[in-house]
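Note that ligands are numbered from 1 as they come in the structure, with each ligand's atoms numbered from 1 the same way. Throughout, residue positions are numbered sequentially from 1 according to the sequence presented.
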Amino acid sequence: RQARLSGERQATYSPELNARMVEKHEMERQLREALARQQFVLHFQPKVDLDQGCITGAEALIRWQHPGRGLLSPGEFIAVAEETGLIVSIGEWVIQAVCAQQAAWRERGMPTLPVAVNLSALQFREGRVRLCVEQALRDNGLEADAIELELTETLVMQNPGEAERTMQDLRQFGLHLSLDDFGTGYSSLAYLKLFPFNSVKIDRAFVTDVSRGEQDAAIALAIIAMAHSMRMHVIAEGVETQEQLQFLRRAGCDQIQGYYFSRPVPADDYARMLQEGKRLQPTPQLGLMSAP
Ligand code: C2E
Ligand code: MG
Ligand code: MG
Ligand code: MG
C-alpha cells in the first residue's frame with residue numbers, strides 16, 4: 001500500500017512527463033543552435049486582391065530546416081520557443097530576414113510589396129519591436145511600408161492599455177497592423193475597434209464552411225460588414241476552394257490568402273509568381289459553369 005501511495009504522490013513525475021521535459025530541453029538547445037547556425041527559413045504566402053486579382057503582398061511564415069528531421073512547421077517548435085523565451089530572438093531574426101529579403105528582391109528590380117510578419121505576445125510585450133523594425137528597415141534602405149505586423153486578439157487582450165499604446169507608436173512610425181486569426185479569441189470586433197488595426201484577417205475556421213454552412217457564412221458577412229464600417233480591410237485566411245472564393249468575393253471581402261491561390265513557398269518561387277504576374281482568374285458565373 002505504501003508503494004502505491006508514493007506512486008500516486010509522484011504522479012507528477014511520471015516517466016512520460018519526464019520524457020517530455022527532457023525533450024523540451026533538447027529542443028531548446030537545438031533552437032539556440034538553429035539561431036546560431038541559420039537553420040530557419042522563411043516561406044512566403046501571397047495575399048491577393050479580390051477586385052484586381054493581383055498579388056498585393058505576402059505573409060512571411062517561418063520554417064526550421066532541422067538537420068535530422070527535415071523542414072519543420074511552426075506548429076512543431078513555436079510553442080517551445082515561446083515557453084523558453086527564445087521566440088523573442090527568433091522573432092527579431094524574422095524581422096531582419098524579411099527586410100534583407102526585400103532588399104535582395106529590390107536589387108533584382110522587383111517592386112517592394114509589403115510582407116507581413118507574425119508577432120508573438122512575448123516579443124510584443126518585451127517592447128522592442130519598433131526599435132527592431134526601425135533598425136532592420138534602415139540597415140536595408142527600406143521604408144516602413146516594406147513590412148506589416150500581424151497581431152492576434154489574444155495578444156492585445158493580455159494587457160489592452162499597454163497594447164494600445166504600443167500599437168499607436170507602431171502606427172505613428174508608419175506600420176500597417178493586422179488583426180490575425182480573428183474570431184478564435186472570443187472578443188468582439190466592437191471592442192477591438194479601440195485598437196488601431198488597419199485590417200482584420202478572418203480565421204480559416206470561419207472560412208472553411210462559408211459556402212456550405214449558414215452559420216459561418218453569417219459570421220463572415222458580419223465580420224466583413226463591421227470591419228468595413230470601422231474602415232478596416234478584410235482578408236480571408238485559408239481559402240482553398242472556388243466556392244469559398246466566390247462567396248467571399250460576393251460578400252465584399254477585400255483580399256484572400258490560401259492554398260487556392262498558393263501555398264506558402266520559398267522566396268524564389270514567390271519572386272517568380274510576382275515576375276510572371278500570377279493572377280486570380282475571374283470566377284465564372286454559376287450559370288456558365290453548368291453550361292455544356
Ligand atoms: P497564421 O499567422 O494564422 O498563418 C496562417 C497559417 O495557415 C500558416 O500555417 C499557413 O501555412 C496556413 N494556411 C494558409 N492557407 C491555408 C489554406 O488554404 N489551408 C490550410 N489548411 N492552411 C493554410 P503555418 O505556416 O504552419 O503557421 C502556423 C502559425 O505559426 C501561424 O498562423 C502563426 O501563428 C505562427 N507563425 C508562423 N510564422 C511565425 C513567425 O515568424 N513568428 C511567430 N511568432 N509565429 C509564426
Ligand atoms: Mg499570420
Ligand atoms: Mg492567421
Ligand atoms: Mg490561423
Numbered in order shown, the ligand 1 atoms found under 4.0 Å of a heavy atom of V94 are 41 (O)
At a non-hydrogen distance cut-off of under 4.0 Å, which region of E237 contacts ligand 1 (side chain, backbone, both, or neither)?
-> side chain
For S120, take its heavy atoms, then give the atoms of ligand 1 lying under 4.0 Å from any of them.
-> 44 (N)
Checking heavy atoms under 4.0 Å, the part of V239 that sits near ligand 1 is backbone
Which one holds for R204 and ligand 1: side chain close, backbone close, both close, or neither close, with close meaning a heavy atom under 4.0 Å?
-> side chain
Is the closest N or O pair between Q257 and ligand 1 shorter than 3.5 Å?
-> no
Measure the shortest side-chain to side-chain distance between M226 and M232 over non-hydrogen atoms and say whether it is less than 4.5 angstrom.
-> no
Which ligand 1 atoms does E240 reach within 4.0 Å, using its non-hydrogen atoms?
-> 17 (C), 18 (O), 19 (N), 20 (C), 21 (N)
When you look at E276 and K278, which way does the salt bridge (Lys or Arg N to Asp or Glu O under 4.0 Å) test go after all the steps?
-> CA-CA 6 Å; E276 288 169 358; K278 178 173 166 144; over 6 Å; no
For P264, is the nearest heavy atom under 4.0 Å from an atom of ligand 1?
-> yes
When Y260 is tested against each of E243, Q244, Q242 for side-chain hydrogen bond (donor to acceptor under 3.5 Å, both in side chains), which residue passes?
-> Q242
What protein N/O/S atoms sit under 2.8 Å from the Mg ion (ligand 2), by chain and number?
-> E59 OE2, N118 OD1, E150 OE1, D180 OD2
Between Y259 and ligand 1, does any nitrogen or oxygen pair lie at a separation below 3.5 Å?
-> yes
For ligand 1, which part of K201 has a heavy atom less than 4.0 Å away: the side chain, the backbone, both, or neither?
-> neither
Find all atoms of ligand 1 within a distance of less than 4.0 Å from any non-hydrogen atom belonging to G238, and give their numbers and elements.
-> 15 (N), 16 (C), 17 (C), 18 (O)
Please say which of E164, Q172, R171 ends up in a side-chain hydrogen bond (donor to acceptor under 3.5 Å, both in side chains) with Q168.
-> E164
Could you tell me whether the side chain of I147 reaches within less than 4.5 Å of the side chain of C99, counting heavy atoms only?
-> yes
Carboxylate-amine/guanidinium proximity below 4.0 Å for E28 and R32 = yes
State, yes or no, whether a side-chain contact exists between Q255 and T56 at a heavy-atom distance under 4.5 Å.
-> yes
Please verify whether a non-hydrogen atom of E82 lies at under 4.0 Å from ligand 1.
-> no
Sequence neighbours excluded - ring-ring contact (aromatic ring centres under 6.0 Å, His included) pairs with any residue from residues 102-149 | F44-W105, W105-Y270
Sub-4.0 Å atoms of ligand 1 with respect to non-hydrogen atoms of Q45 | 14 (C), 15 (N)
Should E59 be listed as contacting ligand 1, given a heavy-atom distance under 4.0 Å as the test?
-> yes
At a 4.0 Å threshold, what atoms of ligand 1 neighbour a non-hydrogen atom of D181?
-> 3 (O)
Under 3.5 Å: donor-acceptor pair, side chain of R204, backbone of D181 | no
If the plane angle is over 60° it's perpendicular, under 30° parallel, otherwise tilted; pick one for W64 and F77.
-> perpendicular
